[in-house]
Amino acid sequence: MISYSNPVIVLNDGNIMAESEHVLYSEAREFLLQFSELLKSPQGLHTYRVTPLTLWNSASIGWTFDLLMSRLESYCKFPVPSHIEAQWKEWLERYGKIVLEKDGGTLRLRFKDEKLEEKIIGHQEIIPYINKKNGKWRVAPRDRGLLKQKLLGAGFPVYDLAGYDDGKPLPVFLRDKLNGVPLVLRPYQVKAIDTFYREGNANGGNGVIVLPCGAGKTVIGLGIMEKCQCETLILTNNTTSVLQWKREIIEKTSLAEDQIGIYVGTWKEVKPVTISTYQMLTYRQTGTTRFPHFSLFNRRRWGLVIYDEVHLLPAPIFRVTAEIQATRRLGLTAALVREDGCEEDVFGLVGPKIYDIPWRKLEKEGWIAKAVCYEIRMDLGEKEREKYLSASPKHQYRIAAENPGKMEVIRRLLKKHQGEKILVIGQYIHQLKTISAMTGAPLITGETSQLVRESQYNKFNRGEISVLIVSKVANFAVDLPDASIAIQVSGSFGSRQEEAQRLGRLLRPKTDDRTSHFYSLVTKQTKDEEFALRRHRFLTEQGYQYIIMDEKDEKVGFLS
DNA sequence: TGAGAGGGAA
DNA sequence: CTAGATCCCTCTCA
């Protein structure tokens with residue numbers, strides 16, 4: 001029921017405002033994220049944005065317009081402006097109105113609404129992919145992806161029911177090899193797998209699954225391989241991750257080592273299950289335009305392609321992906337946010353977001369550790385402030401991020417959490433070296449050899465050292481040990497993805513059930529503050545609250 | 001034959 | 001855009 005005591009207002013421009021301190025807020029947030037995204041989250045009043053893409057994602061998991069509106073009204077202070085309601089209805093209901101289906105040996109585009117057919121005729125860019133005969137819109141199978149991409153770009157999502165090639169069969173079964181028993185999956189993992197693979201449903205078989213770090217995304221990939229029973233190509237973003245996939249497949253499925261190939265710079269093998277990197281595939285000889293390794297997509301009859309860390313998928317891979325629309329495609333990520341605006345390509349070519357479980361829900365159920373986030377704000381010293389003001393905008397962020405005043409806070413936090421496993425994470429090597437010199441804790445950067453990294457990680461794991469200082473290596477390293485405390489001293493501009501990744505380091509469940517603490521150190525009234533706010537956005541969207549502290553450890557507010 | 005440095009790319 | 005990490009390839013040296 002609409003009521004003035006509710007927390008939500010839909011504005012005339014279509015944005016949604018919600019009172020973040022309201023008792024109904026966390027419930028409302030979970031609902032709003034079903035069809036919108038968080039735009040701004042200042043204290044007190046949060047803004048959400050609805051776009052065609054956010055609505056299509058919600059349609060793809062089954063929301064209808066009427067269901068959405070009736071549920072929305074139960075959180076609203078006032079009725080939704082009628083022109084906004086009409087706009088949303090139009091956008092949402094486009095999903096499913098244009099269907100691509102099999103028709104003999106070719107494909108056919110069918111309209112459930114004649115008006116849409118008329119609208120689309122006017123779009124020049126799709127003409128090359130259409131052959132209109134006897135009132136039927138025929139599409140060549142090889143144009144399946146490009147047509148979908150062009151139509152999506154024009155604002156018309158295509159509901160693809162043309163089905164998949166099964167690929168070459170490959171028996172795969174989940175099993176706990178160590179104990180010789182079937183592998184037991186967590187309930188949400190089973191649900192994610194079932195959502196992807198629906199028997200007899202041509203639309204089951206492509207899409208993106210979003211799950212926090214430590215929630216077992218690899219196992220979901222393996223579970224889907226078990227459902228598909230076919231040869232599989234797995235793409236990921238670095239070699240450590242390639243090796244990790246291989247190890248998990250050997251440990252947790254019936255597949256033997258010789259059925260798994262890795263395809264990277266130093267070692268190239270194509271086997272029934274092959275694991276490669278995005279950089280391998282996007283490699284081009286300098287000065288040429290060919291991608292010599294794209295052929296990997298045709299080396300075997302893959303029935304499934306898994307895109308690990310799909311938020312990092314580079315542009316050329318989208319192009320190949322457009323050509324393999326008849327192959328099942330699974331995207332995995334902890335945070336489906338891109339700062340380059342290619343979300344639409346992920347949606348169009350890999351698939352919509354089909355499964356997404358809020359981080360806080362997994363926390364409540366005990367699958368990931370409890371975590372509290374802090375933003376500690378401090379001043380910039382007089383001398384530094386002068387330097388900041390006279391610096392070019394390009395350098396200002398760095399000056400603020402490297403604020404020497406952060407040192408004292410780090411010292412205090414290290415003392416406060418003495419005895420716990422602590423990661424200090426930052427973006428500037430110079431700053432990290434200073435911290436390492438001050439604390440005596442070892443520093444790991446991209447320069448550190450794999451051997452040394454491994455030995456430090458082991459010492460940290462065994463508790464021989466309790467503080468580890470890490471650069472951006474922490475963003476990519478899958479083998480970085482986990483901790484219960486993280487101190488973020490600087491970060492990559494506005495990267496939400498990075499912040500999510502860093503908190504993720506603290507989320508492996510703790511044996512003693514302890515709470516993890518994530519500290520973000522920010523210099524007041526500088527660009528550092530601005531970027532920090534942007535970085536926090538993904539986690540606040542997930543329901544994490546940042547407790548704002550001043551230098552003296554006094555609580556001064558909340559960001560939620 | 002393999003290790004290691006260096007360049008280019010995204 | 002930044003700064004940094006990573007991966008690919010090629011070249012050199014033993």
Side-chain angles (χ1 to χ4, degrees), chain A residues 234-245 262-269 275-296 307-321 338-342 345-346 387-388 391-403 424-436 443-454 457 469-480 488-495 497-499 501-502 505 523 526-528 530-532 534-535:
Chain A
I234 300 167
L235 302 177
T236 185
N237 74 334
N238 61 42
T239 37
T240 324
S241 174
V242 168
L243 297 174
Q244 170 124 335
W245 270 94
I262 60 176
Y263 193 88
V264 294
T266 47
W267 189 260
K268 295 186 185 67
E269 261 184 347
I275 316 163
S276 187
T277 64
Y278 292 127
Q279 286 176 64
M280 182 80 238
L281 290 166
T282 51
Y283 171 76
R284 269 187 297 190
Q285 225 164 5
T286 36
T288 65
T289 52
R290 277 187 56 247
F291 293 91
H293 298 298
F294 270 9
S295 60
L296 184 58
Y307 300 87
D308 194 17
E309 316 283 355
V310 70
H311 58 279
L312 298 170
L313 201 129
I317 301 291
F318 284 121
R319 274 188 11 222
V320 206
T321 304
R338 297 181 66 112
E339 317 297 341
D340 68 356
C342 285
D345 285 323
V346 178
K387 219 163 101 190
Y388 178 85
S392 70
K394 227 162 67 176
H395 297 120
Q396 280 185 326
Y397 172 67
R398 180 163 186 162
I399 294 170
E402 292 194 303
N403 180 1
V424 179
I425 314 179
Q427 128 123 338
Y428 297 106
I429 302 298
H430 177 79
Q431 180 184 35
L432 296 174
K433 278 185 177 160
T434 313
I435 299 169
S436 177
L443 167 65
I444 292 177
T445 71
E447 262 199 329
T448 315
S449 73
Q450 294 298 330
L451 215 69
V452 174
R453 287 187 206 190
E454 204 179 317
Y457 292 164
I469 300 170
V470 287
S471 69
K472 276 177 75 166
V473 285
N475 294 13
F476 309 101
V478 283
D479 51 349
L480 185 70
Q488 174 174 246
V489 295
S490 51
S492 315
F493 309 91
S495 173
Q497 179 65 50
E498 181 181 80
E499 187 126 326
Q501 199 82 262
R502 288 173 172 180
R505 295 293 171 198
T523 306
T526 63
K527 291 202 164 145
D528 199 16
E530 212 176 287
F531 283 127
R534 272 207 253 160
R535 285 203 306 267

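Just so it is clear: chains get the letters A, B, ... in the order the sequence lines come, proteins before strands, and each one is counted from 1.
Legend: residues meeting salt bridge (Lys or Arg N to Asp or Glu O under 4.0 Å) with A/Arg398, ordered by chain and number and at least two apart, are A/Glu402. Scanning for side-chain contact (heavy atoms from CB on, under 4.5 Å) contacts around A/Arg453 gives A/Ile444, A/Thr448, A/Gln450, A/Tyr457, A/Val473, with sequence neighbours left out. Qualifying side-chain contact (heavy atoms from CB on, under 4.5 Å) partners for A/Thr286, counting only residues two or more places apart in sequence or in other chains: none.
Residue-level contact check: A/His293 touches the backbone only, with heavy atoms under 4.0 Å from sugar-phosphate atoms and none from bases. A/Thr239 comes within contact range of the sugar-phosphate backbone alone, with a heavy-atom separation under 4.0 Å but no base atom that close. Nucleic acid contact class of A/Lys527 (heavy atoms, under 4.0 Å, all strands): none. Among the atoms of the strands shown, none is found under 4.0 Å from any heavy atom of A/Arg338.
In this structure the side chain of A/Tyr263 reaches within 4.5 angstrom of the side chain of A/His293, judged on heavy atoms.
Scanning DNA chain C 5' to 3' for nucleotides with an atom closer than 4.0 angstrom to a non-hydrogen atom of chain A gives a first and last hit of C/dT2 to C/dT10.
Taking all atoms of both residues into account, the shortest heavy-atom contact from A/Tyr278 to A/Asp308 is OH-O, 2.7 Å. Heavy atoms only, all atoms of each residue included: A/Ser276 and A/Val242 are closest at O-CG2, 3.9 Å.
Residue pairs meeting the side-chain hydrogen bond (donor to acceptor under 3.5 Å, both in side chains) criterion with at least one partner in residues 470-479 of chain A, sequence neighbours excluded, are A/Asn475-A/Glu498.
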Exercise for review: Let me have a per-nucleotide readout for nucleotides 5-10 of chain B, 5' to 3', with B, S or -, counting only protein heavy atoms under 4.0 Å.
Suggested key: ---SSS
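A/Leu243 pairs in a side-chain contact (heavy atoms from CB on, under 4.5 Å) with only one of the listed residues (A/Val478, A/Ile262, A/Val264), which is A/Ile262.
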